Amino acid sequence: KTCPTSLRQNAYKVYKGENISDIEKSIVDKFFRYMEAYCAELKCSELDIFLNDNKWEEVYHLFERVMLKPEVA
């Protein structure tokens, strides 16, 4: 399971142009694809999400539910 705090820290590092490990990068890349769609739909920026705890929680929980939960047959 992905820790919201760890994902936030690693995603913000990537946003600032810093490097992270390849293992962490795969989930961060997936998160950025999701976040781009979220931002386009709701007319906000990545920085809006990183700097606002309530918005971060909302985006993370939607991401977790949609992108990280295994499909149930």
Side-chain angles (χ1 to χ4, degrees):
K1 181 167 165 84
T2 302
C3 169
T5 302
S6 175
L7 178 60
R8 188 177 193 178
Q9 291 169 345
N10 287 322
Y12 192 62
K13 284 179 185 177
V14 170
Y15 178 79
K16 295 189 309 182
E18 297 176 21
N19 292 321
I20 59 173
S21 76
D22 288 340
I23 294 169
E24 294 164 335
K25 189 151 175 37
S26 65
I27 192 71
V28 168
D29 287 345
K30 194 174 194 178
F31 179 74
F32 267 106
R33 286 193 304 274
Y34 179 81
M35 190 167 55
E36 284 176 17
Y38 182 94
C39 288
E41 186 67 29
L42 295 176
K43 311 284 191 274
C44 65
S45 71
E46 290 91 349
L47 201 54
D48 293 332
I49 294 168
F50 287 127
L51 298 180
N52 182 303
D53 291 339
N54 291 332
K55 197 168 285 220
W56 167 261
E57 288 294 322
E58 180 180 323
V59 172
Y60 175 78
H61 289 296
L62 288 170
F63 171 73
E64 180 182 46
R65 187 171 291 171
V66 172
M67 304 295 284
L68 299 181
K69 295 285 183 197
E71 291 185 27
V72 178

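Both backbone and side-chain heavy atoms feed into the values below; hydrogens, waters and symmetry mates do not. Predicted model only: the values in this text are computed from it and were never measured.
With rounding to the nearest 0.5 Å, the separation of CG in N52 from CD in E57 is 10.5 Å. Taking CD of E64 as the reference point, atom CG of L7 lies at 10.0 Å (rounded to 0.5 Å). Rounded to the nearest 0.5 angstrom, M35 CE and L62 CG are separated by 13.5 Å.
The cluster map of Ile, Leu, Val, Met, Phe, Trp and Tyr, joined by side-chain heavy atoms under 4.5 Å apart, puts I23 and V28 in different clusters.
No more than 12 heavy-atom neighbours from other residues, nucleotides or ligands sit within 6.0 angstrom of CD on E41.
Taking both residues in full, the closest heavy atoms of C39 and E46 are given as SG-N, 3.7 Å, listed atom of the first, atom of the second, then distance. Closest heavy-atom contact between F32 and A11: CZ-O, 3.4 Å. Residues K30 and M67 approach most closely at NZ-O, 3.2 Å, considering heavy atoms. The nearest pair of heavy atoms linking Y60 to C3 is OH-C, 4.4 Å. In terms of heavy-atom proximity, Y34 sits nearest to V59 at CE2-O, 3.9 Å.
Qualifying ring pair (Phe, Tyr, Trp, His ring centres under 6.0 Å) partners for F31, counting only residues two or more places apart in sequence or in other chains: W56, F63.
Of the possible donor and acceptor atoms, one in the side chain of N10 sits under 3.5 Å from a partner among the backbone N and O of S6. Without hydrogens or angle criteria, K13 side chain to I20 main chain gives no donor-acceptor distance under 3.5 Å.
Inspection of the D29 and S26 side chains reveals no N or O donor paired with an N or O acceptor under 3.5 Å.
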Can you check side-chain contact (heavy atoms from CB on, under 4.5 Å) on D53 and R8, steps first, answer last? CA-CA 10 Å; D53 291 339; R8 188 177 193 178; 2.9 Å; yes

Could you give me the CA-CA distance, side-chain angles and deciding distance for S45 and F50, then say whether side-chain contact (heavy atoms from CB on, under 4.5 Å) is met? CA-CA 9 Å; S45 71; F50 287 127; over 6 Å; no

